Amino acid sequence: MAREGKRLNRSFSWLAVLGALLVLGGLVGLVYTGLATLTSMLLFGWLLLIGGVVGLLQAIQSRGTSYFWLAVVVAALNIAAGVVVIRHPHGSAEALTMFAALLFLTGGLFRLVGSVVVRGPQFGWTLLQGAFGLLLGLLVLFDWPDSSRYVLGVFFSLALLFDGLGLIAIGVGGRRIVSMVTPAPVSAAPPEPSESAPDQSNN
């Protein structure tokens with residue numbers, strides 16, 4: 001039991017270390033948003049490329065099935081998109097920033113209209129979310145394409161920061177739980193003093 005507790009403590013410690021590294025990366029990204037945007041686009045491009053290659057290999061293995069050509073087309077599109085993003089990260093960042101702004105606008109508008117029409121128990125909270133999404137979309141859209149230099153980098157850095165804080169909380173909390181349920185090692189009891197042999201001097 002003690003050995004298993006040590007192993008779990010070590011695992012949770014590594015989680016906390018990984019979380020600290022993610023937090024550090026998130027803070028650096030918030031300072032250098034342009035670099036964070038470029039890094040996030042390159043990572044996104046490589047993920048698309050690798051996912052497309054893996055999907056193409058799986059499609060080749062499943063040739064003869066009814067979904068073979070669909071899998072080939074999807075894999076080819078992923079590969080093509082990955083190559084375009086890797087070769088043109090700045091243009092891809094502009095396109096994705098525009099897409100994100102439109103998502104914020106439409107999502108915020110639907111929340112605003114839905115909260116006014118439905119007027120449910122979460123009316124105030126839904127109205128606030130809709131107004132925030134609409135305002136954020138307008139701010140990003142009005143500053144486009146200059147906003148593409150920092151918007152994706154800020155989102156990427158915030159994701160790293162919150163994920164890192166979550167891992168740190170899991171690691172620290174896991175170590176505390178393990179220390180609470182792991183029994184303390186039992187120390188060896190000192191040997192009892194042996195009875196002295198009877199004095200034979202009088203015999």
Side-chain angles (χ1 to χ4, degrees), residues 10-63 67-110 129 132-172:
R10 194 178 302 115
S11 300
F12 283 120
S13 297
W14 281 114
L15 276 180
V17 170
L18 178 60
L21 292 177
L22 290 180
V23 168
L24 180 61
L27 293 176
V28 172
L30 289 176
V31 175
Y32 302 100
T33 54
L35 180 62
T37 298
L38 181 62
T39 302
S40 63
M41 293 310 302
L42 291 176
L43 286 176
F44 181 59
W46 279 109
L47 286 176
L48 285 175
L49 184 59
I50 294 172
V53 171
V54 173
L56 185 60
L57 293 176
Q58 290 179 346
I60 293 174
Q61 291 177 355
S62 63
R63 58 183 177 274
Y67 56 87
F68 168 71
W69 287 109
L70 178 61
V72 170
V73 171
V74 172
L77 289 175
N78 284 336
I79 292 174
V83 171
V84 170
V85 172
I86 292 172
R87 293 189 62 181
H88 305 284
H90 297 288
S92 302
E94 291 180 0
L96 285 179
T97 303
M98 171 65 75
F99 182 68
L102 293 177
L103 281 181
F104 287 136
L105 282 174
T106 54
L109 186 60
F110 275 113
Q129 283 183 320
F132 180 75
L134 190 62
L135 178 62
L136 186 59
L138 289 174
L139 289 175
V140 173
L141 192 60
F142 287 159
D143 198 30
W144 190 86
D146 291 336
S147 58
S148 62
R149 300 175 183 174
Y150 59 86
V151 168
L152 298 179
V154 169
F155 290 161
F156 179 68
S157 301
L158 287 176
L160 287 180
L161 182 62
F162 287 118
D163 286 345
L165 291 175
L167 288 179
I168 291 175
I170 292 174
V172 175

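This is a predicted model, so every value here is computed, not measured.
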All heavy atoms of G25 vs all of L160, minimum pair found to be C-CD1, 4.2 Å
By side-chain contact (heavy atoms from CB on, under 4.5 Å), I60 pairs with (sequence neighbours left out) L56, R63
Exercise answer: donor-acceptor pairs, residues 39-52 side-chain atoms, under 3.5 Å, sequence neighbours excluded:
{"unit_1": "T39", "atom_1": "OG1", "unit_2": "L35", "atom_2": "O", "d": "2.8"}
{"unit_1": "S40", "atom_1": "OG", "unit_2": "A36", "atom_2": "O", "d": "3.2"}
{"unit_1": "S40", "atom_1": "OG", "unit_2": "T37", "atom_2": "O", "d": "2.7"}

The reported gap from CG in D163 to CD1 in I168 (rounded to nearest 0.5 angstrom) is 11.0 Å
Interatomic distance, CG@L138 vs CG@L105, rounded to 0.5 Å, equals 5.0 Å
